[in-house]
Amino acid sequence: MNLIHTNYVNTVPFSTNRTNYYVCVPSQTLLRKKKSKHLQVRLSNSAADGSVNGTVPRRSLAALQSAKSRSALEQLDIERGVCVPFRKYSPETVRNKVLESRGAIFSLISRGVEIVWSLGLYWSALVYDFLVGRDEEVVPFRARQLRNLLCDLGPSFVKAGQVLANRPDIIREDYMNELCILQDDVPPFPNQVAFNIIEEELGQPLEAVFSKISSRTIAAASLGQVYRATLRDSGEDVAIKVQRPQIEPIIYRDLFLFRNLASLLNGISLQKLGCNAELIVDEFGEKLLEELDYTLEARNIEDFLENFKNDPTVKIPRVYKKLCGSRVLVMEWIDGIRCTDPQAIKEGGIDVNGFLTVGVSAALRQLLEFGLFHGDPHPGNIFAMRDGRIAYVDFGNVAVLSQQNKQILIDAVVHAVNEDYVEMANDFTRLGFLAPGTDVSPIIPALEAIWQNSAGKGLSDFNFRSVTGKFNQLVYNYPIRIPERFSLVIRSLLTQEGICFTLKPDFKFLEVAYPYVAKRLLTDPNPALRERLIQVLFKDGIFQWKRLENLIVLAKENVTKMSSNPALQVKEMSVSFLGHLLPLSFIPLGSFKNLCLHRPSLNRQGSKDWQVQRKLDLTDTIKDGARLFLIDEGIRRQLLLALTEDSKLHIQELVDVYRLLENDIDVPSVALEVARDFPTVVRDLMLSWSESILADR
């Protein structure tokens, strides 16, 4: 939802303590028979097929329909690698909500006729264009007509249009481009109605909570609108997000009709996308109902606060959870500069290069590190703070990637670097783009052509939009379905690259992204990433010296860019100042001679929390590498072969690598760390040796 204002900022993260997602492992029975049973107990939609003494009990038609509808959601859970224990959306819930009130049938029929009539007229126009042979020449007009039609049909269709704008697997690219400018800005509903909703959610009069509230909405969209207010107790300025009245029944009714219409298109969808059309509606409905529940958005904000709590380059607003409800969200009000205004950013004294580096790094951390990322980072949802930080707004739409999904994405990067297009195609299946068992051989040449044509130009000419354009053609021509969470990933990368181009037309997204990925590969102690690093450094069993040098250069570049950011410098100065000032409050007058005994511990703690990394720290990587060299016979053999390749000692390569790192490595400290780890290495070495002896026997 585009609830945006120049001064309105609200953000959201994800932590491992998130309670509404759990890692989910399907049982073998589930994988074999596609039944609704998971090892992780789910608190909704958890009924499974049962049998006693080999007989299958009879089930009612309603139960069979329920099992069928659950299967689509469970397929989504398996693809995502997570289960949702408290799910707002399910086809049964939607049906029950719609049919529970009197007059529901009449309302459904009336709305159904309106939808079928409007879409039918549009479809008839497309058929006529095709029959008279003018279907290509009127595409721009028909695309605009579709956008206007979706706006006229209401908020559900506006949201559907925004989703279609990122689904090249469903519609062609020229229509996508038109839907990209689809806005859900609508006239605001009356203030008194909004204030009544706020009072209902708070359970007390407005005057008891707020000393003042804006008489005009700051922004209005199809699902709600925003006001600025001041808290009576603390005098803090806040943003109040209020949901439109009676919007939920409208959304439920349209979702019910969407799913019934989708059931008529399953055959076409299976042929074109490799999945039921109902699955696509379920993905859409689940995200839309999550966006309607502001308590979920409040939880998202808390998650993002946890994720970025030690990152001084990203600003996340506080959420006043005691003042929030399912229809009202109260957050800290934050002033910022709209990131589409380069002149204002320069006048604010903000370093554009530093801000863009911070923005790209924050986006990649969300995607590859946290697994929870902003699903709609369009230009109105990102702001530049005057101290160089980046701030986000509107986190009703976020997406979650499981640990498995993140690892497969990194695998895809590794396979791209190694030009292993067969494995890249298999990654599509593992991520849910292709149905299991799909023959990937026709896709491999297309992937190779896309990547070689784009990567061959080098970093200076590489951009996501050109790659995505070619990828869209591939998706449209093959039975590939883009899972909803990855359509958000694509949109997020494209949008943020577009913002970078707006602020700096010659900005190279990958020139910032590659150094981040390189640093992550070289320094992250995660065993999965250590394995990916080995895959990058060895190709066809041969150690890639040049690739190691490039990774080191890129990683050092990332450290240099991040450490020079003004936001880090301001935070460092603040911590240093507080580290000197705060001890004074605990020391009696006349005791300044003891100041040196009190200051260091607190100052060290502050430095630890906000330490700016000015050098590439490879201590853990070297320690893990030494351990691997001693324990893993295969790696040891490959490294020794790398040093003696082509019947000569490759001492010069080692010297070149050392020269790159000599200013970053504290040799005595590294030696001390390796020595401390030596007993553990010896123990593991003895265990490995004893296992090999027993295996030989």
Side-chain angles (χ1 to χ4, degrees), residues 20-21 24 26 30 34-38 42-48 62-99 115 155-157 159-164 166-167 169-171 248 250-270 272-293 296 375 396-402 405 431-436 479-488:
N20 57 325
Y21 290 98
C24 176
L30 174 89
K34 298 186 184 295
K35 297 201 178 169
S36 54
K37 187 174 181 181
H38 292 281
R42 286 178 44 189
L43 302 181
S44 64
N45 306 319
S46 58
L64 289 170
Q65 291 174 337
S66 176
K68 179 183 176 183
S69 61
R70 280 200 308 270
S71 64
L73 292 175
E74 286 160 357
Q75 181 181 338
L76 291 177
D77 286 346
I78 295 169
E79 283 181 5
R80 295 167 179 162
V82 297
C83 285
V84 185
F86 300 103
R87 175 175 262 129
K88 282 189 68 70
Y89 173 87
S90 72
E92 298 83 11
T93 303
V94 171
R95 182 171 58 250
N96 293 338
K97 281 268 191 183
V98 170
L99 299 179
I115 292 171
S156 304
F157 284 83
K159 291 297 179 184
Q162 291 174 338
V163 170
L164 289 174
N166 302 283
R167 296 299 298 264
D169 51 335
I170 299 177
I171 63 172
E248 192 173 271
I250 296 172
I251 297 295
Y252 273 103
R253 181 191 62 191
D254 286 350
L255 287 176
F256 179 79
L257 292 170
F258 282 170
R259 204 170 195 280
N260 281 278
L261 289 173
S263 65
L264 304 176
L265 303 174
N266 279 336
I268 298 174
S269 180
L270 280 169
K272 298 291 185 181
L273 304 176
C275 70
N276 286 332
E278 292 166 330
L279 181 71
I280 297 171
V281 173
D282 288 342
E283 281 185 308
F284 170 68
E286 191 170 38
K287 294 303 297 180
L288 185 54
L289 291 188
E290 285 179 6
E291 196 171 345
L292 274 180
D293 188 349
L296 289 180
N397 187 4
V398 301
V400 177
L401 292 181
S402 67
N405 282 167
L431 290 171
F433 285 73
L434 293 167
I480 297 174
R481 159 186 157 256
I482 300 181
E484 177 266 344
R485 61 196 181 283
F486 290 115
S487 72
L488 292 180

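- Taking every heavy atom of both residues into account, G285 and L255 meet most closely at CA-CD2, 3.7 Å.
- The distance from atom CG of N260 to atom CZ of R95, rounded to the nearest 0.5 Å, is 8.5 Å.
- With sequence neighbours left out, the side-chain contact (heavy atoms from CB on, under 4.5 Å) criterion links A262 to A277, E278, V281.
- Evaluation of the side-chain contact (heavy atoms from CB on, under 4.5 Å) rule for V98 yields V94, L108, Y252, F256 as partners, not counting sequence neighbours.
- Looking only at side-chain heavy atoms (C-beta outward), D254 and I250 come within less than 4.5 Å of each other.
- I251 CD1 to L292 CG: the interatomic distance, rounded to the nearest 0.5 Å, is 5.5 Å.
- Residues satisfying the side-chain contact (heavy atoms from CB on, under 4.5 Å) criterion with A399, sequence neighbours excluded, are F373, R485, L488.
- For the pair F284 and Y89, the minimum side-chain heavy-atom distance is 4.5 Å or more.
- For the atom pair CD1 of I280 and CZ of F258, the computed distance is 13.0 Å after rounding to the nearest 0.5 Å.
- To the nearest 0.5 angstrom, E248 atom CD is 7.0 Å from L289 atom CG.
- When every heavy atom of S487 is checked against every heavy atom of I482, the shortest pair comes out as N-CG2, 3.6 Å.
- Contact record, D282 with P91: OD1-CG, 3.9 Å, taken as the closest heavy-atom pair.
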